[in-house]
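Encoded as C-alpha cells, the structure appears first; notes follow it.
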Amino acid sequence: NPRTKVPAELVGAYWHVGTFSMTNFTKYDGSYAGNANEVATGYRFVNDKGDAEQYFYWTKNSTYCRDQILGYRKGTVVFDTQKNTFTFYAASGYYRRYSSCGTSQSPGYGEKKTYGAEDLYPNYKAHYDNYEIVKENGKTIWRIRFEDNSKLDYMRTEEPK
C-alpha cells in the first residue's frame with residue numbers, strides 16, 4: 001500500500017478523537033443506562049516510515065438494548081505535506097460486535113471477525129483534507145479542519161482510550 005514519512009510529532013503515540021451523545025438514557029426502573037451513542041477513532045503511527053494502526057469504537061443504546069462495534073485495522077499512511085491531506089490505507093484488520101437486549105445476547109457476541117475486501121484498501125481508505133499539527137495550551141494536537149470550519153482534534157495519548 002502507498003506510504004510516506006510520518007511527521008515526527010505524531011510518531012509512536014496514539015491519537016484519539018471521540019464524541020458521545022449528550023442524551024443520557026435511563027431504564028424504566030430509573031437506573032442509568034449510558035449515553036445514547038458514542039463514536040471514537042484513533043490512530044497509532046508505529047514508526048516514521050508510514051506503518052499505522054486505526055482503532056474504531058461505536059456504540060448505541062436504546063431502552064434495553066446496547067450495540068457496540070470495536071474495530072482495528074493495520075495499514076499504511078500517506079501525509080501529503082504540500083496539500084495537507086492524510087490518507088490511511090487499511091491492509092488487514094478485524095472487529096468485534098457486541099449486541100444485547102436485556103439479558104439476551106446476539107449470536108456471535110464478541111467474536112473476532114476479519115474485515116473483508118470491502119473494508120480494506122483499495123475499497124476502503126480513510127482520507128482527510130486540511131490537517132495541521134498545532135500546539136495549544138502546551139499540548140500537541142493533530143487537527144482535521146472541514147469546509148464548514150468544524151474540526152476533529154486528535155489528542156495524543158500513550159495508550160488507546
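Computed from a predicted model, the values in this text were never measured in an experiment.
Taken from CD in E118 to CG in N123, the straight-line distance is 7.5 Å, to the nearest 0.5 Å. Expressed to the nearest 0.5 Å, how far NE2 of H16 lies from OG1 of T157 amounts to 8.5 Å. Rounding to the nearest 0.5 Å places CG of N47 at 10.0 Å from NZ of K5. Atom CH2 of residue W58 and atom CD1 of residue I69 lie 5.5 Å apart, to the nearest 0.5 angstrom.
Using modelled atom types, one finds no donor on one side chain facing an acceptor on the other under 3.5 Å when comparing D129 with T85.
Taking both residues in full, the closest heavy atoms of G110 and Y98 are given as CA-CE2, 3.3 Å, listed atom of the first, atom of the second, then distance. Residues N1 and A91 come closest through the heavy atom pair ND2-CB, 3.6 Å. The two residues V17 and D153 have their closest heavy-atom pair at CG2-O, 3.5 Å. Pairing each heavy atom of G71 with each of Y115, the nearest pair is CA-OH, 3.6 Å. For the residue pair Q54 and Y124, the shortest heavy atom distance occurs at NE2-OH, 3.1 Å.
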Does the side chain to side chain contact (heavy atoms under 4.5 Å, CB included) test come out yes or no for I133 and T140, once each step is laid out?
CA-CA 7 Å; I133 300 169; T140 301; 3.7 Å; yes
Verdict with reasoning, E9 to K135, per salt bridge (Lys or Arg N to Asp or Glu O under 4.0 Å):
CA-CA 11 Å; E9 302 94 331; K135 297 259 188 198; over 6 Å; no
When you look at Y109 and S100, which way does the side chain to side chain contact (heavy atoms under 4.5 Å, CB included) test go after all the steps?
CA-CA 8 Å; Y109 186 88; S100 64; 4.2 Å; yes
Assess the residue pair R73 and F56 against the criterion (side chain to side chain contact (heavy atoms under 4.5 Å, CB included)); give the C-alpha distance rounded to whole Å, side-chain angles, the decisive distance to 0.1 Å, and a yes or no.
CA-CA 9 Å; R73 292 182 178 109; F56 175 77; 5.6 Å; no
Show your working on side chain to side chain contact (heavy atoms under 4.5 Å, CB included) between M155 and K139 and close with a plain yes or no.
CA-CA 8 Å; M155 305 302 286; K139 294 182 179 181; 4.0 Å; yes
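Hydrophobic clustering (ILVMFWY, side-chain heavy atoms < 4.5 Å, transitive): I144 and F88 are in one cluster.
Contact check for L152 versus Y128: side-chain heavy atoms found under the 4.5 Å cut-off. Between V78 and Y89 there is a side-chain heavy-atom pair separated by less than 4.5 Å.
With F86 as reference, Y43 is the one residue of Y131, W15, Y43 to meet the ring pair (Phe, Tyr, Trp, His ring centres under 6.0 Å) rule. Tested against Y14 for a ring pair (Phe, Tyr, Trp, His ring centres under 6.0 Å), the candidates Y55, Y154, W142, F45 yield a single pass: Y55.
Side-chain atoms of T87 do not come within 3.5 Å of backbone N or O of H127 as any donor-acceptor pair.
The environment of N137 atom CG is sparse: at most 12 non-hydrogen atoms of other residues, nucleotides or ligands sit within 6.0 angstrom.
Using a 4.0 Å cut-off between a side-chain N of Lys or Arg and a carboxylate O of Asp or Glu, R3 and D51 qualify as a salt bridge. Classification of E53 and R44 as a salt-bridged pair holds, one side-chain N sitting under 4.0 Å from a carboxylate O. Ionic pairing of E132 and R145 is present here: one or more N-O contacts between side-chain nitrogen and carboxylate oxygen are shorter than 4.0 angstrom.
Taking the ring centre of Y94 as origin, the terminal cationic atom of K112 falls inside the region bounded by 6.0 Å and 45° from the ring axis.
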